[in-house]
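Presented below is the structure to which this report refers.
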Amino acid sequence: MREKLQNVGLPLLFWFLVWELTARWVGKELILPAPEAVARSLATLAGTGDFWRAAAATLLRILAGFGVGAVLGTALGAATAASRWCDRLFSPALRAVRTVPVVSFILLLYFSLPTARVPVAVAALMALPVVWRSARQGIAAADPLLLELAGAYRFGRAKTLRLVYLPAAAPALTAGWETALGLAWKSGVAAEVLCQPRWAAGTGLQSAKAYLDTAGVVAWTVVIVLMSLAVEGVLKWALHRWRRGYER
């Protein structure tokens, strides 16, 4: 408990004091609202049903996009690691997706998808190449001696995957999934800000900005960060348990 206080509580207290002192020095809420102004804005938002509906809709969109990107990325990583032809076919396109700016995808998808689905597609596209690369590298790192041993004992594909490939790929996969989740959050919320679905945290951000409500912008940002940290914590816990199952 003491260690957690030192590692988490003290840094948070330090930056909270920096924020408070800087806001007092600036003296203009439009430029930098004080913590109490943001707290009041948060309390006002939390008292409305629209806020909870918007937060829930954003959470579901990001999770859906991340899930699609993670599943497709893992499958394509396995395929490109196992087949040279698959590697030649898919790798250039996935590398291109990784380099295209997020805004370009948002604008292109805006013309072809309903506004509520654009953040899902953008989150999936941002997560896809990251997971693909980690899965490909992890599977390619499987020990050749273990693979030879699995062949000697005539392991089936499922057993070889479970006992050789997945333990080898677990470290790279967990790192890739965690990174992809962060990208999915950032890109998904950015898509909401530009596309403005009816119920979305990004729409709340844009609305607060339009009314020059800086405290509201910070309040919505705090909500998005807290949701992101909560989901990331659950994912890390699940991945830690999964990796421990292979390390036993």
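Only heavy atoms go into these numbers, but all of them, side chains included; no hydrogens, no water, no symmetry mates.
Following chains of ILVMFWY side-chain contacts shorter than 4.5 Å, one cannot reach V97 starting from V120, and the two form parts of different hydrophobic clusters. One hydrophobic cluster, built from ILVMFWY side chains closer than 4.5 Å, holds both L89 and L128.
When all heavy atoms of W19 and V38 are compared, the closest pair comes out as CZ2-CG2, 3.6 Å. Contact between I62 and G188 at its shortest, heavy atoms only, is CD1-CA, 3.6 Å. Heavy atoms only, all atoms of each residue included: P171 and T174 are closest at O-OG1, 2.8 Å.
Going from atom CG of L109 over to atom CG of L194 covers 12.0 Å, rounded to the nearest 0.5 Å. In this structure, CZ on F14 lies 12.0 Å from CG on L12, to the nearest 0.5 angstrom. Considering CZ of R136 and OG of S134, their distance stands at 11.5 Å, rounded to 0.5 Å. Once rounded to the nearest 0.5 Å, the distance linking CD of Q196 with CG of L205 reads 10.5 Å.
Residue pairs meeting the side-chain hydrogen bond (donor to acceptor under 3.5 Å, both in side chains) criterion with at least one member in residues 54-73, sequence neighbours excluded, are T58-E192, R61-E192. Applying the side-chain hydrogen bond (donor to acceptor under 3.5 Å, both in side chains) test to pairs two or more places apart or on separate chains, those with a residue in residues 88-102 are D87-S91. Evaluation of the side-chain hydrogen bond (donor to acceptor under 3.5 Å, both in side chains) test over residues 101-124, restricted to residues two or more places apart or in two chains, returns none. The salt bridge (Lys or Arg N to Asp or Glu O under 4.0 Å) pairs that include a residue from residues 22-38 are E20-R24, where partners are two or more places apart or lie in different chains. The ring-ring contact (aromatic ring centres under 6.0 Å, His included) analysis of residues 65-101, with sequence neighbours excluded, yields no pairs.
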Stepwise side-chain contact (heavy atoms from CB on, under 4.5 Å) check, V102 with M126: CA-CA 8 Å; V102 179; M126 292 300 103; 3.5 Å; yes

Throw together a table of side-chain donor-acceptor distances under 3.5 angstrom for residues 67-82, partners on residues two or more places apart or in other chains.
| residue | atom | partner | partner atom | Å |
| --- | --- | --- | --- | --- |
| T74 | OG1 | A70 | O | 2.7 |
| T80 | OG1 | L76 | O | 2.8 |
| T80 | OG1 | G77 | O | 3.2 |
| T80 | OG1 | W132 | NE1 | 3.1 |

Scan the side chains in residues 212-225 for donor-acceptor partners under 3.5 Å anywhere in the protein, sequence neighbours excluded, and list what turns up.
| residue | atom | partner | partner atom | Å |
| --- | --- | --- | --- | --- |
| D213 | OD1 | G216 | N | 3.0 |
| T214 | OG1 | L30 | O | 2.5 |
| T221 | OG1 | V217 | O | 2.7 |

Quiz: residues 176-186 side-chain donor-acceptor pairs under 3.5 angstrom, not counting sequence neighbours:
| residue | atom | partner | partner atom | Å |
| --- | --- | --- | --- | --- |
| T179 | OG1 | A175 | O | 3.0 |

Return all side-chain donor-acceptor pairs below 3.5 angstrom for residues 228-239, not counting sequence neighbours, or 'none' if the list is empty.
| residue | atom | partner | partner atom | Å |
| --- | --- | --- | --- | --- |
| E232 | OE2 | K236 | NZ | 3.3 |

Identify each donor-acceptor pair in which a side-chain atom of residues 43-56 lies under 3.5 Å from a protein atom, sequence neighbours left out, and give them as a table.
| residue | atom | partner | partner atom | Å |
| --- | --- | --- | --- | --- |
| T44 | OG1 | R40 | O | 2.9 |
| T48 | OG1 | L45 | O | 2.8 |
| T48 | OG1 | F51 | N | 3.4 |
| W52 | NE1 | A46 | O | 2.8 |

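Evaluation of the side chain to side chain contact (heavy atoms under 4.5 Å, CB included) rule for Q137 yields R133 as partners, not counting sequence neighbours. Remark: A191 engages I106, V118, P119, V122 in a side chain to side chain contact (heavy atoms under 4.5 Å, CB included) (not counting sequence neighbours).
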